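First up is the structure itself, then whatever we jot down about it.
Letters A, B, ... mirror the listed sequences (proteins, then strands); counts begin at 1. Because the structure is a prediction, the values reported are computed rather than measured.
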Number of protein chains: 2
Amino acid sequence: MSSDKSQTYSISDLAREFDITPRTIRFYEEQGLLAPTRRGQVRIYSPGDRVRLKLILRGKRLGFTLEESRALFDLYDPGSGNRRQLKTMLATIASHRTNLTQQLHDIQVMMIELDESEARCNQALEEFSDTTSSTAPINNKNTMTEE
Amino acid sequence: MSSDKSQTYSISDLAREFDITPRTIRFYEEQGLLAPTRRGQVRIYSPGDRVRLKLILRGKRLGFTLEESRALFDLYDPGSGNRRQLKTMLATIASHRTNLTQQLHDIQVMMIELDESEARCNQALEEFSDTTSSTAPINNKNTMTEE
DNA sequence: TTTCAGGTTTACGTTTACGTAAAGGTAATT
DNA sequence: AATTACCTTTACGTAAACGTAAACCTGAAA
């Protein structure tokens, strides 16, 4: 077997690796986000295709729509645009940065709140232990409705 | 007349403040995320309602579904759960932390990539200026991004 | 040769998060 | 009284991102 340097992937290879369905990958292609080559009818994915898929999924984690991710790909080769398009691209970049900064802040605040929620949960658990200290399956004495 | 300490908001007050439509706010209520009081048929929102709305919107910015945000609200009063529920809540918290950590990383990487894309755009613009050399409305020639 | 694990297209179904009328109530102006 | 500005409910519509089912090809293994 020739150790062909060009690594390739089947659709289910990528589906397994990224824990998505082939349907999802085909859908991304349908939306113009991927363009794998074909051997006959079968899709063959290059490492480059794999990277693009990775970028799409990262975009999704950050709440990007597929269209936004597609637009972001264009930012990787700004040779193709005229002056006005380049200005638009710069504005787009600035806008994304603003959003990401907001998200960064949101995450920090929410992390703190998760800490607090966790503390309250642990405290509630401790109070359970207190109540249950003696041998009987004593009921908890708080006024909240039980299930 | 009486300077009633309890501040209230109409639905359009909140809609304006957060730049969403009244329809959106009613939808959140329909989904059990808000429960404003009523004066007759009209919804009256308390500062607490306003905070909840804020939390919903922050959740949305981070990609939470409404159901997830609703579940997060329950984390604020862990008095109501039994032991098993508290364990579940702790697991939920841990899961959210994992996701937020991933997002944090995603954001950092994407910020860097945005920097690079911006640099490429600026470079492409400079090459335009070169081509357009003489009569152009003087461009700034420095290569650094400005603030 | 049949079976079978993968791949394909086509196409309709589903969930989430609202948008968009339609039809009407209420309170303050004009 | 009539207009205006909000508010309400009811209900059907919609876009995004796939899920799911049907019907088919296809190469390798049993």
Side-chain angles (χ1 to χ4, degrees), chain A residues 1 4 7-46 49-50 52-73 96 99 103 106, chain B residues 1 4 7-46 49-50 52-73 96 99 103 106:
Chain A
M1 295 300 159
D4 201 334
Q7 160 86 307
T8 65
Y9 310 87
S10 76
I11 195 168
S12 50
D13 285 342
L14 295 182
R16 260 188 303 275
E17 176 174 1
F18 296 113
D19 196 31
I20 55 182
T21 69
R23 172 70 176 99
T24 299
I25 299 178
R26 289 192 200 99
F27 179 74
Y28 293 161
E29 178 178 348
E30 198 179 315
Q31 301 302 307
L33 291 158
L34 293 173
T37 59
R38 302 265 183 151
R39 189 175 51 204
Q41 202 168 225
V42 177
R43 292 167 173 85
I44 306 293
Y45 295 86
S46 71
D49 292 326
R50 183 174 161 281
R52 279 179 81 96
L53 179 52
K54 230 170 160 175
L55 292 179
I56 296 168
L57 297 177
R58 189 184 64 193
K60 283 203 58 185
R61 288 196 300 271
L62 294 178
F64 288 50
T65 67
L66 295 184
E67 172 56 29
E68 284 172 324
S69 285
R70 211 187 49 67
L72 277 183
F73 290 154
H96 279 301
N99 290 333
Q103 274 185 302
D106 287 336
Chain B
M1 275 305 200
D4 200 335
Q7 159 86 310
T8 66
Y9 310 88
S10 77
I11 195 168
S12 50
D13 285 343
L14 295 182
R16 259 188 303 275
E17 176 174 0
F18 296 113
D19 196 31
I20 54 183
T21 68
R23 172 69 176 102
T24 298
I25 299 177
R26 289 192 200 100
F27 179 75
Y28 294 161
E29 178 178 350
E30 199 179 315
Q31 303 300 307
L33 291 158
L34 292 173
T37 59
R38 302 268 182 148
R39 188 176 52 205
Q41 200 166 226
V42 178
R43 293 168 173 84
I44 306 292
Y45 296 86
S46 70
D49 292 327
R50 182 174 161 281
R52 280 180 81 96
L53 179 53
K54 231 171 161 175
L55 293 179
I56 297 168
L57 297 177
R58 190 185 64 193
K60 283 202 59 186
R61 288 196 300 271
L62 294 177
F64 288 50
T65 67
L66 295 184
E67 171 56 28
E68 284 172 324
S69 285
R70 210 188 49 67
L72 278 183
F73 290 154
H96 279 302
N99 290 333
Q103 274 185 302
D106 287 336

Practice prompt. Please check the phosphate of dA17(D) (OP1 and OP2 only) for any side-chain N or O of Tyr28(A) closer than 4.0 Å.
Written response: no

Worksheet item: Does Asp13(B) have any side chain to side chain donor-acceptor pair (under 3.5 Å) partners at least two apart in sequence or in another chain, and if so, which?
Response: Ser10(B), Arg16(B)

Discussion item. Does this structure show an ion pair linking Arg58(B) with Asp106(A), if we count only N-O contacts that are shorter than 4.0 Å?
Written reply: no

Worksheet entry | Interatomic distance where CZ belongs to Phe18(A) and C1' belongs to dC18(D) [whole Å] | 18 Å

Response to the item:
Asp49(A) meets the side chain to side chain donor-acceptor pair (under 3.5 Å) criterion, sequence neighbours left out, with Ser46(A)

Within the sub-3.5 Å range, which N or O atoms of nucleotides 20-22 of chain C have a protein N or O partner, and how far apart are they?
residue	atom	partner	partner atom	Å
dT20(C)	O4	Arg23(B)	NE	3.1

Discussion item. Within the structure provided, determine whether Ile20(A) and Leu53(A) are in side-chain contact (heavy-atom separation under 4.5 Å).
Written reply: yes

Item to complete: Could you check how far CD of Glu68(B) sits from P of dT15(C), rounded to whole Å?
Response: 17 Å

Worksheet item: Does Arg38(B) put a side-chain nitrogen or oxygen below 4.0 Å from OP1 or OP2 of dT9(D)?
Response: yes

Discussion item. Among residues at least two apart in sequence or on other chains, which ones pass side chain to side chain donor-acceptor pair (under 3.5 Å) with Arg26(B)?
Written reply: none

Worksheet item: Phe64(A): what forms a ring pair (Phe, Tyr, Trp, His ring centres under 6.0 Å) with it, not counting sequence neighbours?
Response: His96(A)

Item to complete: In whole angstrom, give the distance that lies between atom CD of Gln31(B) and atom P of dA17(C).
Response: 8 Å

Worksheet item: Rounded to the nearest Å, what distance is computed from the CZ atom of residue Phe27(A) to the C1' atom of nucleotide dT14(C)?
Response: 13 Å

Item to complete: Apply salt bridge (Lys or Arg N to Asp or Glu O under 4.0 Å) to Glu68(A) and list each qualifying residue two or more places apart in sequence or on a separate chain.
Response: none

Discussion item. Expressed as a whole number of angstroms, how long is the span from Glu30(B):CD to dA17(C):C1'?
Written reply: 11 Å

Worksheet entry | Protein-nucleotide distance (Glu29(A), atom CD; dC18(D), atom P), rounded to Å | 15 Å

Fill in: Set of side-chain contact (heavy atoms from CB on, under 4.5 Å) partners for Thr8(A), sequence neighbours left out
Ile44(A)

Fill in: Residue list, side-chain contact (heavy atoms from CB on, under 4.5 Å) with Arg70(A), at least two apart or on another chain
Leu33(A), Glu67(A), Asp74(A)

Worksheet item: What residue pairs, at least two apart or across chains, pass side-chain hydrogen bond (donor to acceptor under 3.5 Å, both in side chains) with a residue in residues 30-41 of chain A?
Response: Glu29(A)-Arg38(A)

Item to complete: Using whole Å, report how far CG of Leu66(B) lies from P of dA16(D).
Response: 18 Å

Worksheet entry | Selection: residues 55-64 of chain B, any non-hydrogen atom under 4.0 Å of DNA chain D | none

Between the protein and nucleotides 3-7 of chain D, which nitrogen or oxygen pairs are less than 3.5 angstrom apart?
residue	atom	partner	partner atom	Å
dC7(D)	OP1	Ser10(B)	OG	3.1
dC7(D)	OP1	Ser12(B)	OG	2.6
dC7(D)	OP2	Ser12(B)	OG	2.7

Practice prompt. With sequence neighbours excluded, tell me which residues meet side chain to side chain donor-acceptor pair (under 3.5 Å) with Arg52(A).
Written response: none

